[in-house]
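Heads up, the thing below is written out as structure tokens.
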Amino acid sequence: MIETIKLVLALLVIALVTLFLFPFQLVALKLNLGIARKIPLFWHRMVTKLFGIRIDIKGKLSKERPLLIAANHISWMDILVIGSIDELCFISKHEINELPGANVLARMQRTIFVVRDKRREVGKQAREITERMLSGDPVVLFAEGTTGDGQRVLGFKSALFGAAHYAMGEQGSENVFVQPVAISYKKLHGMPLGRTGRTLSAWTGDMTLAPHVLSVLRKPAWDVVVNVGDPVAINKETKRREVAAEMRKQIRSMFVQENFGRPFDDKG
């Protein structure tokens, strides 16, 4: 009962603050003001605090630009976690833009929506991502293209790294930096999560978003570890598959070490 009351109060505070900030963010986006980057950062930090999501960051996001951040993807909570670290924006599949409520929040976050199965849209989407990167925004890419089960890192989609090459092509940037980030859900109510426990945070398969959100929020006090690797500078000669393979290798290494306490064996 107490947890339910806390959840209702947290949702109420978030709703009120969101409604208050919404017109300011809308104006900031229309006028391209710098505060449009700061409001989402404040919002994510507020929400993680109210939902009891404790974040331990190991490493630092690079100050190099242009910067593409490659991360594994487990849950919708990943957005809150990474969004609370710094001023940045996300790349998301277009289906999120069709979810009522989530689509509005994503637009206010300045999310870039991509349609991955339409080749004619690739160039336009790459240009939009590149423009954000060249304007100084770190852009977050969930390189698996979907959410995992919290137990492993799935294969990376090399095509999703195309924006980095576009920035070095038509846009003329000599180098683009790509930085690996590994997200791990470690504890719930202070208790370490084992194999079964780690799946509780995962939003996988055909799970409907709203029920999964509520089921997770009924279990407050998540401890999340974010491992940040060293940025890798790539140039025009670097192939997208090489970038994807290197990022996956580094992210899997950090993920395996964090969750299983053993060295990464580079298999699978």
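- Screening D78, I96, I79 against F90 for a side chain to side chain contact (heavy atoms under 4.5 Å, CB included) leaves a single residue, I79.
- For Q179 (side chain) and K60 (main-chain N/O), a donor-acceptor pair under 3.5 Å exists by modelled atom type.
- Taking hydrophobic clusters as Ile, Leu, Val, Met, Phe, Trp and Tyr residues chained together by side-chain heavy-atom distances below 4.5 Å, M108 does not share a cluster with L21.
- In the hydrophobic cluster analysis, where Ile, Leu, Val, Met, Phe, Trp and Tyr join through side-chain heavy atoms closer than 4.5 angstrom, I5 is grouped apart from V8.
- In this structure, N72 CG and N227 CG are separated by 9.5 Å, a value rounded to the nearest 0.5 Å.
- To the nearest 0.5 Å, atoms CG (L29) and CZ (R37) are separated by 10.5 Å.
- In terms of heavy-atom proximity, Y185 sits nearest to L193 at O-CD1, 3.6 Å.
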Give the intermediate values and the outcome of side-chain contact (heavy atoms from CB on, under 4.5 Å) for residues Q250 and V232.
-> CA-CA 11 Å; Q250 291 198 36; V232 175; 3.7 Å; yes
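- Distance check: L26 CG to L31 CG gives 9.5 Å after rounding to the nearest 0.5 Å.
- No donor-acceptor distance shorter than 3.5 angstrom exists from the side chain of E98 to the backbone of N103, with no hydrogens or angles considered.
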side-chain contact (heavy atoms from CB on, under 4.5 Å) between D56 and D223, intermediate numbers included = CA-CA 8 Å; D56 179 16; D223 283 88; over 6 Å; no
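- For the pair C89 and I112, the tightest heavy-atom approach, listed with the atom from each and the gap, is SG-CD1, 4.5 Å.
- Q25 places a side-chain N or O within 3.5 Å of a backbone atom of A36 that can act as its donor or acceptor partner.
- K187 is not listed as a side-chain neighbour of R54, based on a closest heavy-atom distance of 4.5 Å or more.
- Aromatic ring pairs are classed by plane angle as parallel below 30°, tilted from 30° to 60° and perpendicular above 60°; the pair F255 and F260 is perpendicular.
- In the hydrophobic clustering of ILVMFWY residues, with side-chain heavy atoms under 4.5 Å counting as a link, I183 and L154 come out apart.
- Linking Ile, Leu, Val, Met, Phe, Trp and Tyr whenever their side-chain heavy atoms come within less than 4.5 Å leaves L105 and L41 in two separate clusters.
- With a 4.5 Å cut-off on side-chain heavy atoms, I35 and F24 do not count as touching.
- Residues F113 and V104 do not share a hydrophobic cluster, defined by chaining ILVMFWY side chains whose heavy atoms lie under 4.5 Å apart.
- Taking all atoms of both residues into account, the shortest heavy-atom contact from S75 to T147 is N-CG2, 4.3 Å.
- When atom types are taken as modelled, the side chain of R132 and the backbone of R110 share a donor-acceptor pair closer than 3.5 angstrom.
- Counting heavy atoms from C-beta outward, E242 and E246 have side chains that stay 4.5 Å or more apart.
- Contact annotation: the side chain of M254 never approaches that of K58 to less than 4.5 Å [non-hydrogen atoms, C-beta and beyond].
- The minimum heavy-atom distance linking L134 with P66 is given by the pair CD2-CG, 3.5 Å.
- Note that CG of L67 and OG of S62 are 5.5 Å apart. Values are rounded to the nearest 0.5 Å.
- One side chain, N97 or R107, offers a donor N or O that lies under 3.5 Å from an acceptor on the other.
- In this structure, H44 has no ring pair (Phe, Tyr, Trp, His ring centres under 6.0 Å) partners at least two apart in sequence or on a different chain.
- Here the options are V139, V181, L141, the test is side chain to side chain contact (heavy atoms under 4.5 Å, CB included), and the partner is I69; only V181 passes.
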Please test L7 against L11 for side-chain contact (heavy atoms from CB on, under 4.5 Å), starting from the C-alpha separation and ending with a verdict.
-> CA-CA 6 Å; L7 174 58; L11 291 173; 4.0 Å; yes
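- When all heavy atoms are compared, the tightest approach of R45 to I85 is NH2-O, 3.4 Å.
- Scanning for salt bridge (Lys or Arg N to Asp or Glu O under 4.0 Å) contacts around K186 gives E258, with sequence neighbours left out.
- Under a 3.5 Å cut-off, the side chain of R65 and the backbone N or O of G136 do form a donor-acceptor pair.
- For CG of D230, the number of neighbouring non-hydrogen atoms (other residues, nucleotides, ligands) closer than 6.0 Å is 12 at most.
- Inter-residue side-chain proximity for T238 and V176 is flagged as unmet; no heavy-atom pair is nearer than 4.5 Å.
- Across P180 and I251, no two heavy atoms sit closer than the pair CB-CG1, 3.6 Å.
- Inter-residue side-chain proximity for F51 and W222 is flagged as unmet; no heavy-atom pair is nearer than 4.5 Å.
- Atoms CD1 and OG1, on I39 and T18 in that order, are 11.0 Å from each other to the nearest 0.5 Å.
- With hydrogens and angles disregarded, a donor-acceptor distance shorter than 3.5 Å links the side chain of R248 to the backbone of V153.
- To the nearest 0.5 Å, atom CG of residue L80 and atom CD1 of residue I53 are 5.0 Å apart.
- For the pair I55/S84, a side-chain contact is recorded, criterion being any heavy-atom separation below 4.5 Å from C-beta on.
- Within the 4.5 Å cutoff, side-chain heavy atoms of W43 are placed close to those of I14.
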